Number of protein chains: 2
Amino acid sequence: MMATEEQQFLEDYEPKEYPSVALTVDLVVFAVTDSVLHAVFIRRGGRPFRGALALPGGFVKPDEDALHAAWRELEEETGLDLGRHRAHVEQLATYSSPERDPRMRVVSVAHLALLATDSRTLPGLSPGSDASAAHWKPVHEVLADEELAFDHRDILTEALERLAGKIEYTLTAARLVPEEFALYQLRHVYDAVWNSRLDAGNFTRKMTGALTDTGRKVARSKGAPATVFTVKDEYLSPPLVRPAAGAHR
Amino acid sequence: MMATEEQQFLEDYEPKEYPSVALTVDLVVFAVTDSVLHAVFIRRGGRPFRGALALPGGFVKPDEDALHAAWRELEEETGLDLGRHRAHVEQLATYSSPERDPRMRVVSVAHLALLATDSRTLPGLSPGSDASAAHWKPVHEVLADEELAFDHRDILTEALERLAGKIEYTLTAARLVPEEFALYQLRHVYDAVWNSRLDAGNFTRKMTGALTDTGRKVARSKGAPATVFTVKDEYLSPPLVRPAAGAHR
DNA sequence: CGAATAGTGTCTGTGAGACAATATATG
DNA sequence: CATATATTGTCTCACAGACACTATTCG
């Protein structure tokens, strides 16, 4: 029996010495303040790509899967208290070019992380031992002006496109806003991600179907008080349509 | 300088002995015949999961990325002449649970592959050295009746959902028919994937905007001859909406 | 009061979906 | 001619988007 299994093993995995790689996760951590989409970056101190911006990340440990590693790194690298920020983490894509890290073969499973904010202040990054100066930066400015290490520009771009697409047909945008929120907060998330100015009236009508009215109101600096909502349905039907700016790739 | 780099290396990659994994690709290969969606499976001869169906796959080599490995395995495991079938391959997701293969730590990057058919015959699988009895099976029947090895049921389900979602707003369905095709062929793809019966008239009107009329016609066994089209736009605007059956998840 | 904002009302155009009508092929 | 299919036409309903309007609050 044992011999059979061993034989079978060899049959399935022909090469006795199979290739092995180092497995990491990279994180695109998004949050929105004042209608501006921000992400967490780390300024690289050493080679390669010294001085460039990089995404937080780290190794996947032997006893965890990639998603678990992403959550752990999110906590370690950013020093965030994730319970307070109702984080959402999902897998994006895997980057496996043999040349993506000049030092060694590193395959990275990129993840998208969304943190809730009150629309005024970004989650505080209290640098832990790992966190070498992790800080928030406006995503669109970074993409326009900054050099990004490794293939992190590709990862960031893909993360942005994923988010922009996903909020069309889901209430994923609510992950970037407190559990109880006013419609203007949610609308600002859409504006930040889509670089748009959605009509407040139409937005109200289309969203309220998927939301629960708490009955409470919240005062703004000026104007009428806004109703406080919570999410009822995770999916939007019919979907919201992204206005012209780059709708198709 | 050399010392600095070494020092920096250690700074970035703290653990001297970083964890390593075996990296593989798994393939979900789809094709459509007579309005039925099929996929390629391999009946497992040995443990674990003896007798269960598995997806084709294999190791990612040291000098290639996952997508390249997927193309290579598609050729090797199925013995297909890919040029003839205008294959489309894209990354799906990465499966990294430490227990997904009881023998060792294997991380797999799942890929979706689409093969074009003339709607009558499936691409012939000429088993190469690797291909231990790879064969086509109807996807919905397999999901209903068969045991699937490892986490391949999850992978297959995710592939199906990805395809079903993607053909809503792209002409990805055209990857499953010849380069020049009649509308009924394309419609049969939608019916196979969505398990639907789309109205032929409405389908014609919505599709023709994204297609180029070749001017030629093709005769059917009965009825009027159908116009032959090619793809003009890769994206559908406005998108096609999937009818009720399982629209949301 | 004036300015700003929330939420509703209204109108118009587009298009989806159901189905009829017409044209074209086979046997 | 009977039947099957492609393609176009027609009608109705839903809704998106633009924008006006009302209500509510702050200074």
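Owing to the predicted nature of the structure, the values given are computational and were not obtained by experimental measurement. Residue numbers start from 1 in every chain, and the chains themselves are labelled A, B, ... in the order their sequence lines are given, proteins ahead of strands.
Listed pair A:Thr227 / C:dG7 meets the phosphate criterion, a side-chain N or O lying under 4.0 Å from OP1 or OP2.
Atom C1' of nucleotide C:dA6 and atom CG of A:Leu211 are separated by 15 Å, given to the nearest angstrom. Here the P atom of nucleotide C:dG17 and the CZ atom of B:Phe203 are 12 Å apart, to the nearest Å. A straight line from OH of B:Tyr184 to P of D:dA4 spans 17 Å, rounded to a whole angstrom. With rounding to whole Å, A:Arg197 atom CZ is found 16 Å from D:dC19 atom P. Note: CD (A:Gln185) to C1' (C:dG7) measures 16 Å, nearest angstrom. In this entry the distance linking CZ of B:Arg216 with P of D:dT7 reads 14 Å, nearest Å. Distance, A:Met207 CE to C:dA6 C1': 16 Å, rounded to whole Å. Atom CG of A:Leu183 and atom P of C:dA4 are 21 Å apart (whole Å).
Taken from CZ in B:Phe181 to CD in B:Gln185, the straight-line distance is 8.0 Å, to the nearest 0.5 Å.
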Provide a list of protein-nucleic acid N or O atom pairs under 3.5 angstrom, restricted to nucleotides 22-26 of chain C.
unit_1: C:dT24; atom_1: O2; unit_2: B:Ala224; atom_2: N; d: 3.3

Is there any protein nitrogen or oxygen under 3.5 Å from a nitrogen or oxygen in nucleotides 15-18 of chain D, and what are the pairs?
unit_1: D:dG17; atom_1: OP2; unit_2: A:Lys206; atom_2: NZ; d: 2.9
unit_1: D:dA18; atom_1: N7; unit_2: A:Asn202; atom_2: ND2; d: 3.0
unit_1: D:dA18; atom_1: N6; unit_2: A:Asn202; atom_2: OD1; d: 3.2
unit_1: D:dA18; atom_1: N6; unit_2: A:Arg205; atom_2: NH2; d: 3.2

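Qualifying side-chain hydrogen bond (donor to acceptor under 3.5 Å, both in side chains) partners for A:Ser96, counting only residues two or more places apart in sequence or in other chains: none.
In this structure, A:Ala200 reaches neither bases nor backbone, as no heavy-atom distance under 4.0 Å exists between it and the strands shown.
Residues A:Thr214 and A:Glu180 have side chains in contact (heavy-atom distance under 4.5 Å, counting atoms from C-beta outward).
Aromatic ring centres of A:Tyr95 and A:Phe150 lie farther apart than the 6.0 Å criterion allows.
Counted by atom type alone, A:Ser35 and A:Asp191 present zero donor-acceptor pairs between their side chains at under 3.5 Å.
Ring geometry for B:His188 against B:Tyr184 counts as perpendicular: the plane angle is over 60°, on a 0 to 90° scale with 30° as the lower cut.
Ion pair B:Glu158/B:Arg162 not flagged as a salt bridge, since none of the NZ, NE, NH1 or NH2 atoms sits closer than 4.0 Å to an Asp/Glu carboxylate oxygen. One finds a salt bridge joining A:Arg100 and A:Asp26 here, because a Lys/Arg side-chain nitrogen approaches an Asp/Glu carboxylate oxygen to under 4.0 Å.
B:His111 contributes a side-chain N or O that, together with a main-chain N or O of B:Val109, makes up a donor-acceptor pair within less than 3.5 Å.
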